[in-house]
Amino acid sequence: MSNIRHALSVKRADDFAQWYQEVISAADLAEESGVRGCMVMKPWGYGIWERIQRLMDARIKDAGVDNCYFPIFIPLSNFEREAEHVEGFAKEMAVVTHHRLIAGPDGKLIPDPEAKLEEPLVVRPTSETIIGDAMARWVQSWRDLPLLTNQWANVVRWEMRTRMFLRTTEFLWQEGHTAHETREDALEETHRAITMYSDCAEDDLAIPVIVGEKPENERFPGAVETWSIEAMMQDGKALQAGTSHYLGTNFAEASGIRYQDREGTQQLAHTTSWGFSTRMVGGVIMTHGDDDGLRVPPKIAPWQIVILPMLRDKPEDEKVLEYCGEIVAKFRELGLSACGEPIRVLLDKRPAKGSAKRWEWVRKGAPIILEVGPRDMADGKVAMLRRDQLWNEESGKPAFQFLTREGFSSQAPSLLEAIQDRLFEEARERRDANITRGITDFDALSDFFSGDARYPGWVEVQWSKPTGAALEKVVEQLKALKLTMRNVPVDAAAVDGACIFTGEPAVERIFVARAY
RNA sequence: CGGGGAGUGGCGCAGCCAGGUAGCGCACCUGUUUUGGGUACAGGGGGUCGGAGGUUCGAAUCCUCUCUCCCCGACCA
C-alpha cells in the first residue's frame with residue numbers, strides 16, 4: 001500500500017544491496033570498526049549470533065562431538081603440507097612476523113627488527129592443519145576412532161571484497177573436525193553434519209535450504225567431497241550457508257594421522273571438517289528482512305516479546321510500569337515457554353518516547369511488541385503488534401490487536417511458534433516459486449538470465465558432470481552470465497535428458513544461480 | 001587487486017568549482033503543549049569538516065600521500 005510509511009528509507013525492490021546495509025544499521029546489528037573488513041557486532045546482532053550458536057552447539061553436542069579450543073596462530077610450515085590447501089588459502093593469509101614494537105626514527109611505533117619471529121605464524125583461516133597435528137598425537141589405535149572434535153573460534157581470511165556478515169575479514173564460526181577408520185564412516189559423518197546444518201537452518205533460523213554436493217570446481221581446497229546447504233535470498237541469489245567436507249586421507253597424510261587397525265597394520269585415518277559461520281546472520285537478514293527492517297525468527301530472537309510502557313513523565317507512569325512488570329512476572333510464574341525454551345520477555349523501561357521505542361523495535365524485528373498505556377491498563381488490556389503482520393493494509397497503520405493481559409499470556413507461546421512457522425513458510429514459498437526447471441539448452445538459459453528480471457532465481461539443469469578442461473569450459477560459460485553452479489541436490493528427480501552444456505547424456509541435476 | 005563513487009556534530013545531507021575560519025533536516029537536552037500514540041511550539045548543547053604533509057596572511061574548500069566505506073568486476077564461508 002502506497003500510504004504506508006515504512007520504517008526504512010530504502011526498499012528491497014529499489015536497491016537490495018543498499019537496503020541490506022540499511023537494515024544492519026537501522027536494526028542496530030553491527031557497525032564498521034575502522035579496520036578493513038572487520039565489524040563491531042552490537043548487542044542485538046551479536047545476541048542473534050549467540051542464539052544461533054547456542055542452538056547449533058546443542059546439536060553438535062547431541063551428535064557426540066566434543067568442544068576443544070586450538071590456537072589462533074598456526075606455524076607457517078603447517079600450511080605447506082597439503083598442496084591444494086596451501087594453494088587455496090595462500091592468497092588470503094594474515095601473517096605475524098614480529099613480537100615486539102619499538103619507537104621508529106620519527107617516534108612512531110614500528111615492529112622491532114630485532115624481534116622478528118624465526119618462523120612466521122599465520123592467523124588461522126581454518127584449522128585443519130593444526131587440529132591435524134593434535135589428531136596425529138591423539139590417534140594411535142582403531143580404538144581411538146572415531147575422534148570427534150569441534151571448536152568455536154574466530155578466523156581471518158584476507159578477502160578482496162567484504163560485506164557485513166556475508167564476507168568479513170574476521171568472522172566467527174564453528175569448525176568440526178573428525179577422524180574415522182574408513183571412508184564410509186567419514187562420509188557418513190560428512191552427511192550427518194550437513195543434515196545438522198540443514199535442520200538448524202530450517203528449524204531454528206526458518207531459512208529453507210537445499211542440501212547437495214558441490215561440483216568439483218567449488219570444492220574446499222584439499223577436499224575429496226564438499227557438501228553445502230544453499231539458501232535463496234530475497235533477491236534470488238544463492239547463499240552458501242554451511243559446508244561439510246570429506247577430506248579423504250589427504251590431511252591425514254599431511255599431518256600423519258595414522259592408526260593401527262585390528263590386524264596391527266598402520267592405516268591413514270579418513271577425516272572430515274564442517275563449518276557454519278556468522279554469515280548466517282546475513283542470511284537471516286536477506287531471508288526475513290522487509291521494508292521496515294529485520295524480522296527475527298522467535299527461536300533466535302534475543303528478546304521474543306518486548307513490552308513498551310507508554311511513559312509520559314507523569315505520576316501514573318509508576319502504575320503503568322507496575323502493570324507491565326506484572327506481565328513479565330506472570331510469564332515467569334507460569335513458566336511459559338515457546339519452541340522448547342522459556343519465553344524471553346523484555347520490559348523496555350527507557351524513558352524515551354513511546355513511538356520512538358516502537359519503531360526501534362520494529363526495525364530490530366522483535367517478533368512481538370506490546371504497547372501498554374494508561375487506558376490499556378484501565379481496561380486490563382495490552383496493544384499487541386506482530387512483527388510478521390505489521391500493517392493494516394486498509395488504514396496504512398500498524399495493525400494493533402487489543403487483548404486482555406491474560407488472553408495475551410495464554411496465547412503467547414502459540415503466537416511465537418506461529419510466527420516462527422509463518423516466516424519459514426513465507427521463505428519456502430518464495431524460494432519454490434523462484435526455482436525453474438525444464439530449461440534444456442544453453443541459449444535458453446542465457447536468455448533466462450539476461451531478461452529484464454533483476455534476479456530470476458535459480459535454475460535446476462541436467463548435466464553430464466564433465467571434468468578437467470570440459471568442466472573449465474562450463475565454468476567459463478556460466479561466468480559470462482555471472483552464474484555459478486551451486487550444488488547437486490540430494491533429493492532431485494532422476495535424469496532424463498542431455499547435458500545442457502555438453503549435449504552428452506546427463507548424469508545428475510545441478511542448480512545454477514547468481515551467488516553471494 | 002582493477003574500475004566507479006564517497007568520507008563535514010549520533011544519522012542523512014548542503015557548502016568545495018570561483019580559499020576568509022561551518023550550516024540544514026532528523027535525533028539529543030530544557031520548558032510548555034498534546035495524548036490510542038512515528039504530536040506541536042519555543043529555547044539549547046554538540047563538529048580541530050577521515051588522517052598526515054604542503055601551498056597561502058588565511059584551507060572543509062587548492063596540491064601530494066594515506067586510511068576507511070559503498071557499488072561493479074576478478075577471489076572466496
Side-chain angles (χ1 to χ4, degrees), chain A residues 4-10 15-18 20-22 24-26 28 31-39 87-93 106 108 125-126 155-175 197 214 217-221 226 228-231 238-245 273-283 292 308-314 316 351-363 371-379 381-383 385 390 395-398 400-402 476 479-480 482 484 515-516:
Chain A
I4 289 177
R5 185 177 152 203
H6 286 291
L8 299 185
S9 64
V10 184
D15 187 339
F16 196 78
Q18 240 206 294
Y20 179 75
Q21 294 293 133
E22 190 178 356
I24 289 170
S25 65
D28 219 17
E31 63 185 22
E32 298 301 338
S33 64
V35 180
R36 183 189 192 85
C38 296
M39 63 180 178
E87 203 187 326
F89 285 107
K91 300 182 295 294
E92 51 188 54
M93 221 84 100
D106 57 358
K108 296 206 168 143
T126 180
V155 286
V156 167
R157 298 182 186 176
W158 216 266
E159 300 287 353
M160 295 300 174
R161 184 178 168 195
T162 59
R163 277 159 173 277
M164 290 260 217
F165 290 108
L166 297 176
R167 186 172 298 103
T168 45
T169 302
E170 177 190 23
F171 59 94
L172 307 184
W173 76 347
Q174 143 285 308
E175 48 179 322
Y197 290 159
K214 284 286 192 184
N217 61 303
E218 299 273 349
R219 269 182 214 142
F220 174 76
T226 286
S228 73
I229 53 172
E230 303 281 333
L239 181 74
Q240 178 171 306
T243 51
S244 181
H245 318 288
S273 67
W274 24 278
F276 188 92
S277 73
T278 36
R279 161 177 269 199
M280 286 312 289
V281 178
D292 296 294
L308 305 179
M310 307 308 287
L311 304 175
R312 300 186 300 175
D313 209 12
K314 301 224 165 124
E316 68 200 15
K353 271 189 287 189
S355 54
K357 285 198 285 191
R358 169 162 92 221
W359 292 106
E360 180 186 321
W361 285 107
V362 164
R363 290 189 298 265
E371 294 192 8
V372 181
R375 288 201 206 174
D376 303 306
M377 183 173 68
D379 297 343
K381 294 196 167 176
V382 295
L385 204 51
L390 188 60
S395 68
K397 299 204 162 149
F400 283 104
Q401 291 176 51
F402 299 91
E476 287 305 315
K479 193 181 273 182
K482 299 181 185 175
T484 56
Y516 280 98

[X] has an atom [atom1]; how far is it from atom [atom2] of [N], in whole Å?
X	N	atom1	atom2	value
A/L166	B/rC70	CG	P	11 Å
A/K214	B/rC76	NZ	P	11 Å
A/R5	B/rC26	CZ	C1'	11 Å
A/K482	B/rC71	NZ	P	14 Å
A/F220	B/rC76	CZ	P	12 Å
A/R358	B/rG38	CZ	P	5 Å
A/Q21	B/rC11	CD	C1'	15 Å
A/M164	B/rC69	CE	C1'	9 Å

message = Can you tell whether the side chains of A/E230 and A/K214 come within less than 4.0 Å, N to carboxylate O?
response =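 A/K214 and A/E230: salt-bridged.
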
Between [options], spot the one nearest the side chain of [X], thanks.
X	options	value
A/E32	B/rC69, B/rC72, B/rA77	B/rC69
A/W359	B/rG38, B/rC70, B/rC75	B/rG38
A/R167	B/rC75, B/rC70, B/rC76	B/rC76
A/K91	B/rA77, B/rC75, B/rC71	B/rC75
A/M310	B/rG37, B/rC75, B/rC72	B/rG37
A/R163	B/rC71, B/rC1, B/rC70	B/rC71
A/D376	B/rA77, B/rG37, B/rC75	B/rG37
A/R36	B/rC75, B/rC76, B/rU68	B/rU68

task = Report which part of the nucleic acid A/R161 touches: base, sugar-phosphate, or nothing (heavy-atom distance under 4.0 Å, all strands).
result =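 Base contact - A/R161 has a heavy atom under 4.0 Å of at least one base atom.
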
task = Report yes or no: does A/E170 contribute a side-chain atom to a donor-acceptor pair with the main-chain N or O of A/M39 at less than 3.5 Å?
result =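 Looks like no, no N/O pair under 3.5 Å.
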
ask   = Is there a donor-acceptor pair closer than 3.5 Å between any side-chain N or O of A/Y20 and the backbone N or O of A/D15?
value =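 Answer holds: no.
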
Complementary nucleotide of [N], counting Watson-Crick and G-U pairs under 3.5 Å:
N	answer
B/rG2	B/rC72
B/rA40	B/rU32
B/rC26	B/rG10

request  = Check whether any side-chain heavy atom of A/E87 lies under 4.5 Å from a side-chain heavy atom of A/P221, and answer yes or no.
outcome  =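 A side-chain contact is absent here, since even the closest heavy-atom pair is not under 4.5 Å.
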
ask   = When you compare B/rG23 with B/rG44, how far apart are their P atoms, in angstrom units rounded to a whole number?
value =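 Taking atom P in both B/rG23 and B/rG44, they lie 14 Å apart.
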
message = Work out how far the P atom of B/rA52 is from that of B/rC57, and round it to whole angstrom.
response =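 Pairwise P distance, B/rA52 against B/rC57, rounds to 22 Å.
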
message = Could you tell me if A/E218 and A/T226 have a donor-acceptor pair between their side chains, going purely by distance under 3.5 Å?
response =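 On atom types as modelled, these side chains do not qualify, holding no pair under 3.5 Å.
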
query = Given A/R167, which of A/R279, A/R161, A/R157, A/M160 fulfils the side-chain contact (heavy atoms from CB on, under 4.5 Å) condition?
reply =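 The residue from A/R279, A/R161, A/R157, A/M160 that satisfies side-chain contact (heavy atoms from CB on, under 4.5 Å) with A/R167 turns out to be A/R279.
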
query = Taking OP1 and OP2 of B/rU39, is either one under 4.0 Å from a side-chain nitrogen or oxygen of A/S355?
reply =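 True: A/S355 side-chain N/O within range (under 4.0 Å) of B/rU39 OP1/OP2.
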
